[in-house]
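In what follows, every chain begins at residue 1, and chains take the letters A, B, ... in the order their sequences are listed. When reading the values below, keep in mind they use all heavy atoms of this one structure, side chains included, and skip hydrogens, waters and symmetry mates.
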Protein chains: 2
Amino acid sequence: MARDSDITPPRLVGGHPPADAAAKPTRRPAGLAGAAAARPLRPIESSSVVGLAYEQIRELILTGAIAPGERLGQVELAEQLGISRTPVREALRRLAGEGLVTARTNHGFRVAEIGIEEVMRRLEIRLLLEPGVARLAAERATADHLAAIDATIAREERARDAAETHDASRDFHLAVARATGNPDIVATLAAQWIVEIGRRLLARRTARPDWQGRDIAEHKAIAAAIAGGQGDLAEQLMREHVASALDHWAAKADA
Amino acid sequence: MARDSDITPPRLVGGHPPADAAAKPTRRPAGLAGAAAARPLRPIESSSVVGLAYEQIRELILTGAIAPGERLGQVELAEQLGISRTPVREALRRLAGEGLVTARTNHGFRVAEIGIEEVMRRLEIRLLLEPGVARLAAERATADHLAAIDATIAREERARDAAETHDASRDFHLAVARATGNPDIVATLAAQWIVEIGRRLLARRTARPDWQGRDIAEHKAIAAAIAGGQGDLAEQLMREHVASALDHWAAKADA
DNA sequence: CGACTTACGAATGGATACAATATGGCGAGA
DNA sequence: TCTCGCCATATTGTATCCATTCGTAAGTCG
């Protein structure tokens, strides 16, 4: 079959994947080479057309190429992807399960809208989850986990635009979650970012001049607390960290 | 996650989905009449065939009619439902998105397995979330919310078997989550129950003689704290409530 | 002149047909 | 007897086709 392009293999987020080994920070093949170690053989990434369509449509949505609220015509997508409508529909259905698109019978699929109030709802979930996650991470993190966390901070410092900054920041939080050893926590937390479509709302946030530097500083403090096994401190720092983001958005909502 | 649209119906509540009207005869009788009857599947005879197929397959999995790990043959399901494979596939893909079934390309769909360690991973998420949820509920609950919470406790007391008890107990926790006013919290929490396939593992838990009564008593105490606006107390009681469940399963895991 | 009706076109939902892949049995050879 | 390789069959994956519904806009009546 048309194996046109190398695909992004295991989805980072979404669904409830059973195993988490091979933790991959982002879809960049670069970086961590020998970390796998455990099993020399990795299962083959089967490239079904559905999977490819899923990846591509997802990327279109996440990069903002298709705006929130916009219609996702099945024929149009199928033609552009060079496939038939059937796999497109299944890919869309899968995206709907993740909340990236909405579906109404006989009305087709649309890119999910997201407003400030929804961002705040998600942040509230993070505020409930992440302090405890940080505590667990401090109690359980292995050396590999700590290295992975540091790597995301390094990426954050190297980031050159809002999108990279956002991705690295998100991956920091997911790396902390991974340190709990509970893959379901990672999946649940990752779901809170899924709907931040297009990273556009975030662009406004990161536009605030001092934000990025402050974010990184807070991340470093949290990482240090985790590395030092200081569960109470990590919990408290993470709570303040997420709460400040929530406050920031709340202020924006009023304006 | 769950947004409106009929593709994402309520499905959080205990009972069966509401009966749908609009009986529109399918234009294809497709006579393999006597072949069915193996499973309690009734042919679908309404619009939105995917949704209905989803409901029925989901019910089969949740009630344990199809055991975890068992294969979900597309043709078999399609024939028993009296529809074609296309909507069946889409329903299965949607169930895969929720983690109820697993999908491997060219290998078909299977009912997801779940073991004690997975139940514990889910409980750990609940342990992170629910204390804070209880606090928020105490701060925000309206009279309607309180009534809904009480209703689930009443159902719990009326329950006559393990399945009813389990459903009512789950609905208590979801009703508390609903009192936070954040629907995403409800969805996130609900996802933690989704994979408790067949309520079978739970049957063993509820088999413990004093369990049900103790559960109800704890629920009542939590509800009282929420109704009284005692956020600290509600949080603490909920933490102990969930923690005891986690301890219980941990003990089981050792045995 | 405006609101309602009604046809037409386009796109979705579902069914069927075809292609590709895996599963299981059988036989040959070590 | 066990293992490997091959073939038949069953099942999944994808494409194509038909029926139905929705959106739109022209057309008609008040």
Side-chain angles (χ1 to χ4, degrees), chain A residues 1-5 7 43-57 66 69-97 101-111, chain B residues 4-9 20-32 35 38 41 43-57 66 69-97 101-111:
Chain A
M1 233 310 133
R3 189 164 307 216
D4 38 30
S5 69
I7 60 170
I44 293 177
E45 327 283 2
S46 61
S47 67
S48 65
V49 176
V50 191
L52 296 184
Y54 167 83
E55 300 284 352
Q56 298 224 18
I57 298 173
I66 308 179
E70 199 172 335
R71 222 173 59 79
L72 290 159
Q74 299 174 10
V75 277
E76 184 183 348
L77 289 171
E79 285 176 1
Q80 290 186 12
L81 291 167
I83 58 180
S84 83
R85 275 175 51 220
T86 310
V88 170
R89 282 173 53 178
E90 296 193 12
L92 287 172
R93 183 89 51 196
R94 182 169 161 197
L95 288 165
V101 310
T102 60
R104 273 177 51 198
T105 40
N106 288 323
H107 288 262
F109 296 82
R110 305 188 90 88
V111 180
Chain B
D4 48 30
S5 91
D6 50 344
I7 297 230
T8 313
D20 49 287
K24 205 166 197 183
T26 27
R27 55 190 175 286
R28 191 168 302 277
L32 50 135
L41 281 178
I44 289 178
E45 44 184 342
S46 172
S47 59
S48 179
V49 177
V50 247
L52 285 258
Y54 165 84
E55 300 284 352
Q56 297 225 19
I57 297 173
I66 308 180
E70 197 174 336
R71 221 173 57 82
L72 290 159
Q74 298 173 10
V75 277
E76 184 183 348
L77 288 171
E79 284 178 358
Q80 294 189 20
L81 289 165
I83 60 181
S84 81
R85 276 175 49 217
T86 310
V88 170
R89 285 177 58 89
E90 298 194 12
L92 287 172
R93 205 163 285 282
R94 186 171 153 201
L95 289 165
V101 310
T102 60
R104 271 177 55 196
T105 42
N106 288 321
H107 288 261
F109 297 81
R110 304 188 90 89
V111 179

Distance in angstrom units between B:R104 CZ and D:dT12 P, rounded: 13 Å
Whether B:R110 side chain and B:G69 backbone form a donor-acceptor pair below 3.5 Å: yes
Nearest-angstrom distance from the residue atom CZ of A:R89 to P of D:dA15: 13 Å
Selection from D:dT12, D:dA15, D:dT21 that lies nearest to any side-chain heavy atom of A:N106: D:dT21
Rounded interatomic separation in angstrom, taking CZ from B:R71 and C1' from C:dG24: 13 Å
Gap separating the CZ atom of B:R93 from the CZ atom of B:F109, nearest 0.5 angstrom: 4.5 Å
Close side-chain approach of B:E90 and B:Y54, heavy atoms under 4.5 Å: no
Whole-Å gap separating P (D:dT11) and CG (B:L72): 13 Å
Proximal nucleotide (of D:dT14, D:dG13, C:dG14) relative to the A:P87 side chain: D:dT14
Rounded interatomic separation in angstrom, taking NE2 from A:H107 and P from D:dT24: 11 Å
Within-4.5 Å side-chain heavy-atom neighbours: B:R94 and B:V50: no
Candidate nucleotides C:dA15, C:dG13, D:dT16, ranked by approach to the side chain of B:S84 - the nearest: C:dA15
Under-3.5 Å donor-acceptor pair between B:T86 side chain and C:dT16 base: yes
Nucleotide nearest B:Q74 when distance is taken to its side chain, options D:dA15, D:dT12, C:dT12: D:dT12
Spacing of A:Y54 atom OH relative to D:dG13 atom P, expressed in whole Å: 17 Å
hbond_proxy B:R85 side chain to D:dG13 base (donor-acceptor, 3.5 Å cutoff): yes
For atom CD of B:E90 and atom C1' of C:dG13, their distance in whole Å: 8 Å
A:L77 side chain reached by A:L92 side chain, heavy atoms, under 4.5 Å: yes
Rounded distance (Å) that lies between atom C1' of D:dT12 and atom CZ of B:R93: 11 Å
Out of C:dT12, D:dT14, D:dT12, whichever nucleotide has its closest atom nearest the side chain of B:V75: D:dT12
